[in-house]
Amino acid sequence: ADTYDKRRLDANWTVGPNNLFHHFLHAAAERGYSHMLQLEADVLPLRAGWLSALRCVARSSDSWIIGSTLLSPCAYDAKKRACGELGDEIKFHINGNALYAVGQPAFLEFTRRAQSGKLHKWPFDLAF
C-alpha cells in the first residue's frame, strides 16, 4: 500500500514517499529533462539567483546527485519520542533535497536497482 506512517510503526512507512519520488524521477526523464530538483515542502531558497546558479551547476557537472549531506546530528525517533543518533552508515548521506541527473540512463538504472534492492524500504535518499 502507498502509505506514510509518521510514527514509523510499520516497516512500510516510506512506501508512499518513495513511490512518489521514483514516479517523478522517471516521469522527468521520459519528458526529456536532463535534471530534476527535489525540494520538500519545508525547504526554502535562501539566496536571490539560486535557480540560475543551480542551472549552471547542472550544466557543468556530470554528477548523478548534487546536494548537501544531512545537517542534523540526529533523527527523531517517534517510538522513543526523542532524537536518536544516526548510525555511521547513514550519518553523511546526501539529503533527498537535491538535484538528480534524470537524463543519464546509467543513473536511472541505478535508481531502479535501488528501488528493488535490499534497502527498498528505506527512505530513497538512504537507499542510494
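Atoms considered below: every heavy atom in the structure, side chains included; atoms not considered: hydrogens, waters and symmetry mates.
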The complete set of disulfide (SG to SG under 2.5 Å) pairs with one or both residues in residues 95-128, sequence neighbours excluded, reads none
Between Gln115 and Asn19, the two heavy atoms sitting closest are NE2-OD1, 4.0 Å
Distance col, row Leu46:CG vs Leu44:CG, nearest 0.5 angstrom, shows 7.5 Å
List, one per line, each side-chain donor-acceptor pair under 3.5 Å for residues 32-42, sequence neighbours excluded.
none

Q: State, yes or no, whether a side-chain contact exists between Thr111 and His22 at a heavy-atom distance under 4.5 Å.
A: yes
* Tell me, with the steps shown, if Val102 and His26 meet side chain to side chain contact (heavy atoms under 4.5 Å, CB included). => CA-CA 7 Å; Val102 298; His26 294 283; over 6 Å; no
Practice problem: Begin from the C-alpha positions of Val57 and Ile66 and carry the test side chain to side chain contact (heavy atoms under 4.5 Å, CB included) through to its verdict. | Solution: CA-CA 9 Å; Val57 169; Ile66 301 171; 3.7 Å; yes
CG (Leu25) and CZ (Phe107) are apart, to the nearest 0.5 Å, by 5.0 Å
d(Trp64 CH2, Phe110 CZ) to nearest 0.5 Å is 6.5 Å
Side chain to side chain donor-acceptor pair (under 3.5 Å) pairs touching residues 45-61, sequence neighbours excluded, are Ser61-Ser63
Applying side-chain contact (heavy atoms from CB on, under 4.5 Å) to Ala114 and not counting sequence neighbours gives Phe128
*Could you give me the CA-CA distance, side-chain angles and deciding distance for Tyr100 and Phe21, then say whether ring-ring contact (aromatic ring centres under 6.0 Å, His included) is met?*
CA-CA 11 Å; Tyr100 297 89; Phe21 171 79; 5.0 Å; yes
Taken to the nearest 0.5 Å, the spacing of Asp125 CG from Asn18 CG works out to 8.5 Å
Residues at least two apart in sequence or cross-chain that pass side-chain contact (heavy atoms from CB on, under 4.5 Å) with Cys83, listed by chain then number, are Cys74
Can you tell if the side chain of Leu99 reaches within under 4.5 Å of the side chain of Leu54, non-hydrogen atoms only? yes
When every non-hydrogen atom of Gly67 is compared with those of Ala98, the smallest separation belongs to CA-CB, 4.1 Å
